[in-house]
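What follows is a short report on a single structure.
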Amino acid sequence: QGYGIAGVVVNKSDNNVETISDEENGWLRFTTNTANGCYIDIQQEEFPKNLIVEFDVRASETGVGGGIIARGEKATFNWLVNINENKTISVGSGKVIGKVKADKWTNVQLILNFRKHIITAYCDGNLIGENIAMALSTDDVVERLRVGAFSGAGTIDFDNLLVYQGKTIK
């Protein structure tokens with residue numbers, strides 16, 4: 001079972017969220033020129049304790065940072081995936097799992113266990129880490145996943161974003 005996008009929020013200034021497509025594919029592009037960033041929220045009353053998040057990502061040559069954040073009902077933020085301005089992909093409390101390129105999609109798959117506060121991470125089909133601690137071990141109920149560009153200037157693209165309940169990747 002997947003989750004729909006309940007709302008799209010775009011910060012002011014020159015930032016933008018748009019759907020881009022070519023002859024074969026369509027994807028979400030987040031463009032930011034300010035420190036405010038831009039993002040979409042995937043909302044639920046309460047996310048299940050075991051969740052799978054899969055996506056492909058690429059970023060521009062310039063220094064944009066982004067990723068996916070879990071936001072709790074108490075307004076706590078928990079980095080699930082952080083793509084920093086040097087194109088390094090890290091999960092949870094900082095485990096590096098790969099690099100993002102501008103000219104090639106990087107596939108990321110995460111098995112999230114919100115009860116134990118751990119992540120299992122795959123990058124381009126390879127198991128990179130198990131039992132990776134989430135950035136925050138909080139009992140806060142996750143109410144949304146925030147996907148987007150959060151720092152620097154440039155573009156970051158997300159494609160094939162899947163969010164579904166489970167303990168194993170389909």
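In what follows, every heavy atom counts, from backbone to side chain, and hydrogens, waters and symmetry copies are set aside.
- Atoms CG and CG, from Leu145 and Asp41 in turn, are 8.5 Å apart once rounded to the nearest 0.5 Å.
- Distance check, rounded to the nearest 0.5 Å: CG of Asn113 to CD1 of Ile118 gives 5.0 Å.
- Between Tyr122 and the options Leu110, Leu127, Ile97, a side-chain contact (heavy atoms from CB on, under 4.5 Å) holds for only Leu127.
- In this structure Phe158 satisfies the ring pair (Phe, Tyr, Trp, His ring centres under 6.0 Å) test together with Phe30, Phe55, sequence neighbours excluded.
- Of the possible donor and acceptor atoms, one in the side chain of Ser93 sits under 3.5 Å from a partner among the backbone N and O of Ala133.
- From Thr120, atom OG1 reaches atom CG of Asn131 across 6.0 Å, with rounding to the nearest 0.5 Å.
- Under the 4.5 Å side-chain heavy-atom criterion for grouping Ile, Leu, Val, Met, Phe, Trp and Tyr, Tyr39 is connected to Trp79 within one hydrophobic cluster.
- Side-chain polar atoms of Thr31 and Asn16 form no donor-acceptor pair below 3.5 angstrom.
- Using modelled atom types, one finds no donor on one side chain facing an acceptor on the other under 3.5 Å when comparing Asp124 with Asn107.
- A donor-acceptor pair is defined here as one N or O able to donate and one able to accept, closer than 3.5 Å; such a pair exists between the side chain of Ser60 and the backbone of Thr155.
- Of the possible polar contacts, one joining the Asn78 side chain to the Ala135 backbone as a donor-acceptor pair under 3.5 Å is found.
- Here the CG-CG distance, from Leu161 to Asp56, works out to 9.5 Å after rounding to the nearest 0.5 Å.
- Remark: side-chain polar atoms of Asn86 are not paired, donor with acceptor, to backbone N or O of Thr88 under 3.5 angstrom.
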- Residues Val163, Ile42; criterion side-chain contact (heavy atoms from CB on, under 4.5 Å); working and verdict: CA-CA 9 Å; Val163 178; Ile42 302 170; 4.2 Å; yes
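- A pairwise comparison of heavy atoms in Lys104 and Arg58 identifies O-CB, 3.7 Å as the closest pair.
- A side-chain N or O of Glu54 and one of Tyr164 form a donor-acceptor pair less than 3.5 Å apart.
- Judged by distance alone, with hydrogens and angles left aside, the side-chain atoms of Asn126 form no donor-acceptor pair with the main-chain N or O of Ile128 at under 3.5 Å.
- Expressed to the nearest 0.5 Å, how far NZ of Lys167 lies from CG of Asn50 amounts to 5.0 Å.
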Distance-only donor-acceptor pairs under 3.5 Å for side chains of residues 18-27, two or more places apart:
{"from": "Asp22", "atom 1": "OD1", "to": "Glu24", "atom 2": "N", "distance (Å)": "2.8"}
{"from": "Asp22", "atom 1": "OD1", "to": "Asn25", "atom 2": "N", "distance (Å)": "2.8"}
{"from": "Asn25", "atom 1": "ND2", "to": "Asp159", "atom 2": "OD2", "distance (Å)": "2.4"}
{"from": "Trp27", "atom 1": "NE1", "to": "Asp157", "atom 2": "OD2", "distance (Å)": "3.4"}

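- Rounding to the nearest 0.5 Å places CZ of Arg71 at 4.5 Å from CZ of Phe77.
- The two atoms that bring Val64 and Ala59 nearest to each other are CG1-CB, 4.1 Å, heavy atoms only.
- Closest non-hydrogen pair, Val17 versus Cys38, comes out as CG2-CB, 4.0 Å.
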- Task: Test Thr168 against Ile111 for side-chain contact (heavy atoms from CB on, under 4.5 Å), laying out the working first.
- Result: CA-CA 7 Å; Thr168 57; Ile111 301 171; 5.5 Å; no
- Query: Do Leu28 and Ile40 pass the side-chain contact (heavy atoms from CB on, under 4.5 Å) test, and can you show the C-alpha distance, the side-chain angles, and the key distance before you say yes or no?
  - Reply: CA-CA 10 Å; Leu28 280 174; Ile40 62 169; 3.8 Å; yes
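- Pairing each heavy atom of Ser151 with each of Glu85, the nearest pair is OG-OE2, 2.9 Å.
- Proximity of Val53 to Leu112: side-chain heavy atoms (C-beta onward) are separated by under 4.5 Å at one or more points.
- The main-chain N or O of Lys99 is found under 3.5 Å from a side-chain atom of Thr106 such that the two form a donor-acceptor pair.
- In this structure, Asn15 contributes its side chain and Asn33 its backbone to a donor-acceptor pair below 3.5 Å.
- Between Phe114 and Ala70, the closest heavy-atom pair is CE2-CB, 4.3 Å.
- Within the 4.5 Å cutoff, no side-chain heavy atoms of Val91 are placed close to those of Leu80.
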